[in-house]
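Taking it in order: structure first as structure tokens, then the write-up.
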Amino acid sequence: MVTIKDIAQAANVSASTVSRVIRGNPRISTHTREKVKATMKAFNYQPNQAARTLATKQSNTIGIIQKSASIEDSQNPFVIDVLSGIFSECKNHGYSTISTTNNETIGIELEVQEMIHYHSVDGFIVLYSKKDDPIIDILKAHAMPYVIIGKSLTNDGIIHIDNDNVSASQSLTRLLIDKGHNKFLFVAETGDYEVVKDRVAGHLKAIEQAGSLTEIVYFDKNRQHIRSFFQELIKYRTLPTIVITTDTLLNHLILSVFYELKLHIPTDIQTATFNDSYLNVFASPPQTTVNIYPKSLGEVAAESVINVIQGHDIVDFNKLIQTTIIERDSTTTIQGV
DNA sequence: CAGGTTGCACAAGGAACGTA
DNA sequence: TACGTTCCTTGTGCAACCTG
């Protein structure tokens, strides 16, 4: 392994000088700087990250805390897009990333505590917002820099990057009411997440204003439960004109159930969902969605946490990313309305 | 001589390993 | 078991050197 001493010897300078060149210290002349840089390149020298962490107590690594590493969560296009934004922004600033890999809260807690204990990370990005979250208590107790992608629950000086989900959901419902819908079914994810609460709240706001009908139901991603629910609906009650889901994957489960129950979209029933991605473009029929720009959420989150780590002044603690409704074939025509 | 540049010595950090 | 040493890098204060 090539160390700073080898470079110093080869360039005929001291290790301090090499270190100063690496850190961009202005005390080094242009001539010496170029000579050291050329030697580092010739030796393909990479600073020892472990030693650097030891010396500076900085790892140049951002920890990413996911609500779960289950396949449903980690392969969710929303999460993939958010991560893509985080990766590119971290790379731009010379930071790498590590992510939690556990499915259970207790496992995630242990992973986070280990990352803090071993100085593996300089700060964290939390990919969800949840009330009374024990993970947040750990971050606070260790005074770790962190930002949250999700809603701010308290004015506690923590940066939150979010969309206005109440307003986005309200706009989507209002648009669908304007298109003639008057009987909604709103399918929300279980799990006490703030984003879901806001989307339900926005939907109810628009419903109240228009005097339309809706029913709110909560499902986890269990196809059997969803199937049974719609079977009973068809058998004993009247179908809604449209189903809105709070999440793309939940929407896809419902699409597959509709296919099995021979419910044709958009003629028998219509669908709309949140978190636009290629899955909604490729779906049959293509799905009307709310684009919440997950890559931007990730980019702003990464930039914000790096600013906190580097001690920059924070002006805006609640950063809102815009949303856009994208209409596709799943809500094009309405039969009998 | 003044000012700019570089070197030296040392401390600090956590873990692993060696020695008394 | 307790203590010392080593690994590698960074940051700092001060000394030494070089050039105009």
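In this text the structure is predicted, and so the values were computed from the model without any measurement.
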Practice prompt. Apply salt bridge (charged side-chain N to carboxylate O under 4.0 Å, His left out) to A:K319 and A:E303, showing your working.
Written response: CA-CA 12 Å; A:K319 305 187 182 204; A:E303 188 191 20; 5.7 Å; no
Item to complete: Please say which of A:I135, A:T100, A:I116 ends up in a side chain to side chain contact (heavy atoms under 4.5 Å, CB included) with A:E111.
Response: A:T100
Could you list the protein-to-nucleotides 12-14 of chain C atom pairs, N/O on both sides, closer than 3.5 Å?
unit_1 : atom_1 : unit_2 : atom_2 : d
C:dG13 : O6     : A:R20  : NH2    : 3.1
C:dC14 : N4     : A:R27  : NH2    : 3.1

Worksheet item: Can you tell me if the side-chain N/O atoms of A:Y45 get under 4.0 Å from OP1 or OP2 in C:dT9?
Response: yes
Practice prompt. Tell me whether the OP1 or OP2 atom of C:dT9 has a side-chain N or O from A:S19 closer than 4.0 Å.
Written response: no
Item to complete: Using atom CD1 of A:I4 as one end and atom C1' of C:dT9 as the other, report the distance to the nearest whole Å.
Response: 6 Å
Discussion item. Looking at A:E232 and A:K235, is any side-chain nitrogen of the basic one under 4.0 Å from a carboxylate oxygen of the acidic one?
Written reply: no
Side-chain donor-acceptor distances from residues 80-88 of chain A under 3.5 Å, at least two apart:
unit_1 : atom_1 : unit_2 : atom_2 : d
A:S88  : OG     : A:S84  : O      : 3.4
A:S88  : OG     : A:G85  : O      : 3.2

Practice prompt. Please indicate whether A:K131 has more than 12 foreign heavy atoms, meaning atoms of other residues, nucleotides or ligands, lying under 6.0 Å from its NZ.
Written response: no
Fill in: Between C1' of C:dT9 and CG of A:N60, the distance in whole Å
13 Å
Worksheet item: Are a donor atom and an acceptor atom from the side chains of A:N182 and A:S212 found within less than 3.5 Å of each other?
Response: no
